[in-house]
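Working notes, beginning with the structure itself.
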Amino acid sequence: MDYLAESYLGYRPKPIESLIGKKGKDQKSMGDLEPSEVSDYASEDADITLQLHNQFKPALKERSVEELYKNVEAPLVAILTDMEYQGVGLDVPFLEEYSIELKSEAVQRRDSIYEQAGTEFNLNSPKQLGDILFNQMGIEYKGKKTKTGQFSTSEDVLSKIDHAIVKDILDYRELTKLQSTYVDALPRMVNPRTGRIHTSFRQAIVPTGRLSSDHPNLQNIPIRTERGRRIRKAFVPPSDEYVLLAADYSQVELRIIAALSGDEGMIQAFKDGLDIHRSTAAKVFGLEMDEVTSDLRRKAKAVNFGLAYGQGAFGLAQNLGISRKEAKEIIDNYFEKYPGIKTYMDQSIAQARENGYSETLLGRKRALPDINGRNNTVRAAAERNAINTPIQGSAADIIKVAMVDIHKEMGQRQLRSKMTLQVHDELVFDVHKDELEEVRALVTERMTGAADLAVPLVVESGVGSDWLEAH
DNA sequence: GGATTGAGTCT
DNA sequence: GGAGACTCAATCC
């Protein structure tokens, strides 16, 4: 190889260390190279590829992740490429109309704010806004300062203030966020050749194994508020011969917690197909299922949710606006009723401490060098990673397996339908109307069957002429 | 002009 | 003082 390259092409192979460095921050990826640093010669590329192979082959074996690589990550590369090429349809005229609507609303809010402040200023500057509200207008400030010593004007702080100007500010923020980040930005990203939006899915960014998406990020399209949701109406199929299919895993992270922990109570709740938050509330607050109020269900839901992140009493209290004492009681009660989960979380930390890493369902590993550190804050963060990584990462493993299965089967059956997006627990497809029932069944079956856990995996799907309808 | 900060969007 | 991302506008350097 070296001989051929050098003698026939006058090329001297570069040692691989010059490209990837030995370790840590010295590492350089192909993406970091200037165009002038990238070879014009296929032989040099091939040589570099071989050297990378020689580096990574033993490294994969060392970490026992050859199967994960061979069966999941490597096949996924071409699938993501297909999805990126396929792109998604965007209804540009719809967004152009919506932009005008948002703009006129925002202007009304802005003028109202200036009038109440008695002055005009840069409303988009948190620094100027904080000065106006808490110095000039004399509104009482109850939050904590930012790390640069400024007043925080975050939604968290503002929403606790009872003042008309604050409602206008929060409204203005929502309107301008939607407009600048989505409604105006997305049409500019339409590829002139395809007339569609082509995101980039990145496979090696997130330490837990999730994908990320950028240029544009299609994994954070709004859904929570009414104004935000409307943006999803702009995501459309390629023609009227197609519809959108959206399929998502129901409560996948909580199911993974149940399965990995082996907690009998939570496993049984999922086997029985119960409303898990209601079931949790009944257990924790000592009630029958039909005695659970919406407020108690909300609290149980917050605990279930915070669980996956290693959240403590402080965080739960903050989240629910209750006292630390009450939050602690709820959490203590929770672990008493779900003892398997408490044990599992302690074990997750203990195992990470012994190994120096956390591990997912398919053996993906995340190094946690700070897990034995002396700095309490840093160590606590590593302990939360030790809890969260197997949960978030196993969910990532599972949907990736489903994507590989579905893509393969769709290819073998020569279907015209295409997978277009992945949003962590959801897959989106352009589906030809003739194939709708076949694809819906295939997707549901493969997603459901992507892992064999102690609890069932449940998939919900919807169909529509836009992304909002498909949900 | 690039990097950082504060804010806000998603799972 | 809850996990993981990306983007925007203002501001800093």
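Please read all numbers here as calculations on a predicted model, not as lab measurements. All values below come from the heavy atoms of this structure, side chains included, with hydrogens, waters and symmetry mates left out. Just so we're on the same page: letters track the sequence lines, and every chain starts at 1.
- Heavy atoms of A:Leu307 sit nowhere under 4.0 angstrom from any nucleic acid atom.
- Using a 4.0 Å heavy-atom cutoff across all strands shown, A:Thr176 reaches no nucleic acid atom at all.
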Show the numbers, then the answer: is there a salt bridge (charged side-chain N to carboxylate O under 4.0 Å, His left out) between A:Lys342 and A:Glu336? CA-CA 8 Å; A:Lys342 173 66 177 160; A:Glu336 203 176 298; over 6 Å; no
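- The distance between atom CG of A:Leu175 and atom C1' of C:dC8, rounded to the nearest whole Å, is 15 Å.
- With B:dG8, B:dC10, B:dT5 as the choices, the nucleotide that has an atom nearest any side-chain atom of A:Arg224 turns out to be B:dC10.
- On a pure distance criterion of 3.5 Å, a polar donor-acceptor pair joins the side chain of A:Asn319 and the base of C:dG2.
- Between C:dG1 and A:Thr377, no contact under 4.0 Å exists linking OP1 or OP2 to a side-chain N or O.
- The side chain of A:Phe314 sits closest to C:dG1 out of C:dG1, B:dT11, B:dT9.
- Here A:Gly312 lies out of heavy-atom contact (under 4.0 Å) with every strand.
- The A:Thr208 side chain lies nearest to C:dG4 when the options are C:dC8, C:dG4, C:dG2.
- Of the side-chain N and O atoms in A:Thr146, one or more sit less than 4.0 angstrom from OP1 or OP2 of B:dG6.
- At a threshold of 4.0 Å, the pair A:Arg173-A:Glu155 does not count as salt-bridged, since none of the basic side-chain nitrogens sits closer than that to a carboxylate oxygen.
- Here A:Asn122 reaches the OP1 or OP2 of C:dA10: one of its side-chain N or O atoms lies under 4.0 Å away.
- Looking only at atom types and distance, the side chain of A:Tyr172 has a donor-acceptor partner in the side chain of A:Asn124 under 3.5 Å away.
- For the pair A:Asp295 and A:Arg298, the salt-bridge criterion is met [side-chain N within less than 4.0 Å of a carboxylate O].
- Applying the 4.0 Å criterion to OP1 and OP2 of C:dA10, one finds that A:Asn124 has a side-chain N or O inside that range.
- There is a side-chain donor-acceptor pair under 3.5 Å between A:Asp184 and A:Ser99.
- Look at A:Gln392 and you won't find any side-chain N or O under 4.0 angstrom from OP1 or OP2 of C:dG2.
- Map A:Ser212 and A:Lys144 each onto its nearest nucleotide of DNA chain C; the residue landing nearer the 5' end is A:Lys144.
- When rounded to the nearest whole Å, the span between OH of A:Tyr309 and C1' of B:dC10 equals 11 Å.
- Atom P of nucleotide C:dA3 and atom CD1 of A:Ile349 are separated by 13 Å, given to the nearest angstrom.
- At B:dG6, none of the side-chain N or O atoms of A:Thr153 fall inside 4.0 Å of OP1 or OP2 (strictly under the cut-off).
- The phosphate of C:dG4 (OP1 or OP2) has a side-chain N or O of A:Asn385 nearer than 4.0 angstrom.
- Counting non-hydrogen atoms under 4.0 angstrom, A:Glu155 reaches the backbone sugars and phosphates but no base.
- Phosphate proximity of C:dA3 to A:Arg366: absent, as no side-chain N or O sits under 4.0 Å from OP1 or OP2.
- At the heavy-atom level, A:Glu253 lies nowhere under 4.0 Å from the strands shown.
- Within 4.0 Å (heavy atoms only), A:Ala185 reaches sugar-phosphate atoms of the nucleic acid but no base atom.
- When heavy atoms are screened at a 4.0 angstrom cut-off, A:Thr389 is found touching no nucleic acid atom at all.
- If you measure from atom CD of A:Gln179 to atom C1' of B:dG8, you get 15 Å, rounded to the nearest angstrom.
- Side-chain nitrogen and oxygen atoms of A:Lys127 include none within less than 4.0 Å of the OP1 or OP2 phosphate oxygen of B:dT5.
- Checking A:Tyr338 against A:Thr280 by side-chain atom types alone, a donor-acceptor pair falls below 3.5 Å.
- Looking at the side chain of A:Ile205, the nearest of the listed nucleotides B:dT9, C:dC6, C:dT7 is C:dC6.
- Taking side-chain N and O atoms only, A:Arg202 has no distance below 4.0 Å to OP1 or OP2 of C:dA5.
- Relative to the side chain of A:Asp214, the nucleotides B:dT9, B:dA7, C:dC6 differ in distance, and C:dC6 lies closest.
- Using a 4.0 Å cut-off between charged side-chain N and carboxylate O, A:Asp171 and A:Arg110 make no salt bridge.
- Using atom P as the reference point in both B:dT5 and C:dG1, the two lie 16 Å apart (nearest Å).
- Comparing B:dA7, B:dT11, C:dC6 by their nearest atom to the side chain of A:Asn220 picks out C:dC6.
- Contact between the side-chain N/O atoms of A:Arg384 and the OP1/OP2 oxygens of C:dG2 is not found at any separation under 4.0 Å.
- Using a 4.0 Å heavy-atom criterion, one finds that A:Asn217 contacts the sugar-phosphate atoms exclusively.
- Taking only side-chain nitrogens and oxygens, A:Arg210 never comes nearer than 4.0 Å to OP1 or OP2 of B:dT11.
- Set against C:dG1, B:dC10, C:dG2, the side chain of A:Gln311 has C:dG2 as its closest nucleotide.
- Residues A:Glu105 and A:Arg109 are paired through a salt bridge, judged by an N-O separation under 4.0 Å between the basic side chain and the carboxylate.
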